[in-house]
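Here the structure comes first, spelled out in C-alpha cells, and everything after it is commentary.
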Amino acid sequence: MRLVETFLGPVDSDRLGATLIHEHIFVRNPELEINLPDAEWDPTQAVETAVAGLADLYERGIRTVVDLTVPGLGRDVGLVAGVAERVPVNLIAATGWYTPNVLPSYFRFHGPGRMIDRADPLIEMFIRDIRDGISGGKVRAGMLKVVTDEEGLTEDVSYVMSAAAIAHQETGVTITTHSHAASRNGLEQQAFLLERGVAAERIIVGHSGDSEDLCYLRQLMDNGSTIGMDRFGMEHVLSDERRVRTVAELAGLGYADRMVLSHDAAFYSYVTPPAWRATSAPRWRMDTIPKRVIPMLDDAGVSSDLIDQMMVANPRRLLEGTS
Ligand SMILES: [Zn+2]
C-alpha cells in the first residue's frame with residue numbers, strides 16, 4: 001500500500017482511480033482582484049460551480065483531480081479545501097512556482113548571501129509544502145510544478161527549476177512541467193532536471209499534447225519521461241481530433257505507458273474568465289475527456305486497457321512517492 005497526499009489527507013493509491021493529472025480549480029490573481037476586479041469572480045459562486053462540476057465528473061467515472069495551481073497562479077488551498085470537503089473526487093494540491101520569466105522582486109532580496117540573508121525561500125517553501133503542509137495548514141502537496149515557455153531558461157526560471165529539483169531529491173515527489181511544445185523545449189527541461197539528479201521517470205513534460213511532432217514526443221518518452229497530453233478541449237490551440245490522432249498513433253507504437261490525459265482547464269480563471277471560455281473555448285472543461293475524448297480514442301482503435309493505462313495506472317505510478 002502506498003499513500004498519496006490529498007486535500008483531505010493521505011489516501012491509498014489504489015483509490016485514486018481515473019485521474020485528471022493537470023487541472024486547475026481556480027486560477028486567480030489576488031493583487032489584480034483588489035485593484036482591477038473581475039465582475040465574474042465571486043468566491044461563493046465559484047465554490048458552488050466547482051462542487052457541482054466535480055460531482056458531475058464523479059458520475060462520469062473520474063475519481064481524482066490534481067490541482068496544479070501553484071503560487072504565481074493565485075493558489076489558495078483554504079478555498080479549495082472547502083470544495084474538497086464537499087465532493088467525492090480526491091483533490092491533490094501542488095507546490096512550485098508559475099512564472100515563464102521573472103519572479104517577484106522579493107526573491108532578489110531574500111536568500112543565502114542576499115540582502116536579507118536567510119535560508120533559500122523557494123526550497124524552504126517547496127519542502128515544507130510537501131512535508132508539513134501548505135501555509136501552516138494540513139494540506140500537503142503531492143506534485144511539483146515548474147514552467148518554461150518561449151522565454152526559455154531565464155535566470156529566475158532556472159532558479160525555480162533548481163529549487164524544484166532539490167525538493168524532489170528530498171521528497172521524491174514527481175515534477176510536472178509547463179512546456180512550450182512548439183519550440184520543443186521539453187527536451188531542455190528534461191536535460192536541466194536530469195543534470196540536477198531528477199530521474200526522467202519522475203518528470204511529466206506537460207502540454208506536450210500541443211505538439212504533433214512524433215519524433216519530438218517519442219524522444220521525450222524514450223528518454224524515460226511521461227508526456228502530458230493535457231490540453232484536451234483547448235481547441236483554440238489545437239483541435240481535439242488532432243490531439244486524439246497523436247495519442248492514438250503513439251499508443252499504437254507502444255507508448256501508452258508514458259502518456260497522461262488531462263485538460264489544463266479551470267472552474268474559474270482570472271486570465272480566461274468563464275464568459276470568454278463559454279463563447280471562445282466551450283469544450284475547455286474537465287468533462288471533455290469522459291464525454292468526448294474517450295469515445296474518440298475508442299473510435300480511433302485505442303483499447304480500453306490502454307485508456308485505463310493512461311487514465312489510471314500512469315497517474316497512480318507518478319503520484320506514488322518514492323521516498
Ligand atoms: Zn496548467
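Values below: all heavy atoms of this structure, side chains included; hydrogens, waters and symmetry mates excluded. Count residues from 1 along the sequence. For ligands, and for the atoms within them, numbers begin at 1 and follow the listed sequence.
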query: Looking at Glu5 and Arg131, does any basic side-chain N land under 4.0 Å from a carboxylate oxygen?
result: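 Looking at Glu5 and Arg131, the cut-off is not met.
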
- prompt: Any salt bridge between Arg108 and Glu155, counting N to O under 4.0 Å?
  reply: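 No, Arg108 and Glu155 are not salt-bridged.
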
- prompt: Name of the Asp264 N, O or S atom nearest the Zn ion (ligand 1)?
  reply: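 This residue's closest N, O or S atom turns out to be OD1.
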
message: If I take the Zn ion (ligand 1) as the centre, what angle separates the NE2 atom of His22 from the NE2 atom of His24? Nearest 10 degrees is fine.
response: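 The angle at the Zn ion (ligand 1) comes to 120°, rounded to the nearest 10°.
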
- request: Could you tell me whether Arg63 sits above the aromatic face of Tyr58, with NZ or CZ closer than 6.0 angstrom to the six-membered ring centre and within 45 degrees of the axis?
  value: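 The answer is yes; both the distance and angle limits are met.
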
query: Is Arg218 positioned over the aromatic face of Tyr216, cation under 6.0 angstrom from the ring centre and no more than 45 degrees off axis?
result: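 No, Arg218 does not lie over the aromatic ring of Tyr216.
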
field: N, O or S from His207 under 2.8 Å to the Zn ion (ligand 1)
entry: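 It does not: His207 brings no N, O or S atom closer than 2.8 Å to the Zn ion (ligand 1).
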
message: I'd like to know if the Zn ion (ligand 1) has an N/O/S atom from His178 within less than 2.8 Å of it, counting both backbone and side-chain atoms.
response: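 So His178 does not bind the Zn ion (ligand 1) by this criterion.
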
